[in-house]
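Take a look at the structure below.
We count ligands from 1, going down the list as the structure has it; atoms in each ligand are counted the same way. FYI, the numbering just counts along the sequence from 1.
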Amino acid sequence: MHVLSYIPTGLLTLFFAWYLLPLTSASSYFVINTPANGIQWSNNAVNPITWEKGLLDGVTTVDVELARLSTDGLIFVAKDFSTPLSTGALNLFLQDVPTGDDYYLLFLNSTHGVMYGASQRFAISNSGNGTAPTPAAGAPTVTVSGGPNPTVGFATTFPPSANGVSALRTVEDARMQLLSMAGVVAVCALGGALTVL
Ligand SMILES: *[C@@H]1O[C@H](CO)[C@@H](O)[C@H](O)[C@H]1NC(C)=O
Ligand SMILES: *[C@@H]1O[C@H](CO)[C@@H](O)[C@H](O)[C@H]1NC(C)=O
């Protein structure tokens, strides 16, 4: 069972309040750009999520959940979504999701309950009001149906094998790039030193 399912809403509120304080550690940089305050998602439509994160923070897969302040229970959106780059996107097709203006999107590891990021508060309606951005091109679309139901698992679980490999490879590539950049900087510095001599 899900750890967060047992946490009462009041505690989650406190947690959000804590979470929305500025983060000090660069390694835990994880910002959800959309949805945000003033955005209204719509049922029967594709609604985009976009985020930015620290490239070498070691977080290469995430679980995504929807939470509300006024209601207990979480909607399990996607599990093991690969997010190897410093930006990421995922589209949600909503069906019969309860409407409300107190939704938050959570990025976490649901296995041990570690939270990576939470969105600002946003709304879900049946018709939308034109504030939701257009779906993210090239990002997968996950269908989410209905409200919180503890007996229903994640709407979509992404395959770990395909995920893990590409995630690792990309982080490896990023490391190599950083290393070769460091090399270039070192050579330049050396060049500068030689010029001075
Ligand atoms: C759309 O809905 C959101 C959330 O309810 C609200 O903050 C925003 O002001 C609305 N925008 C318009 C143009 O009505
Ligand atoms: C969560 O952590 C566990 C244990 O460290 C790991 O096996 C799992 O892949 C992680 N899940 C995600 C979505 O990162």
Within the protein, residues bringing a heavy atom under 4.0 Å of ligand 2, chain by chain: T61, V62, D63, D80, N109, T111, H112
hydrophobic_cluster_shared for L69 and F76, side chain cutoff 4.5 Å: yes
Counterpart residues, side-chain contact (heavy atoms from CB on, under 4.5 Å), relative to D101 (two or more places apart): R121, A123
Acceptor/donor pairs from residues 129-139 side chains to any protein atom, 3.5 angstrom cut, sequence neighbours excluded:
unit_1: N129; atom_1: OD1; unit_2: T131; atom_2: N; d: 3.3
unit_1: N129; atom_1: OD1; unit_2: T131; atom_2: OG1; d: 2.5
unit_1: T131; atom_1: OG1; unit_2: Q40; atom_2: N; d: 2.8

For A123, the ligand 1 atoms whose distance to one of its heavy atoms is below 4.0 Å: 4 (C), 5 (O)
Polar side-chain atom of N43 near backbone of V97 as donor-acceptor pair, under 3.5 Å: yes
Test item, T131 contacting ligand 1 (heavy atom, 4.0 angstrom): yes
Contact check: N129 vs ligand 1, nitrogen or oxygen atoms, below 3.5 angstrom: yes
Taking every non-hydrogen atom, the tightest pair across N44 and F93: C-CE1, 3.6 Å
Between side-chain atoms of residues 140-149 and protein atoms elsewhere (two or more places apart, or another chain), which donor-acceptor pairs fall under 3.5 Å?
unit_1: S145; atom_1: OG; unit_2: Q95; atom_2: OE1; d: 2.8
unit_1: N149; atom_1: OD1; unit_2: T151; atom_2: N; d: 3.0
unit_1: N149; atom_1: OD1; unit_2: T151; atom_2: OG1; d: 2.7

Side-chain (N47) to main-chain (W41) donor-acceptor, under 3.5 angstrom: no
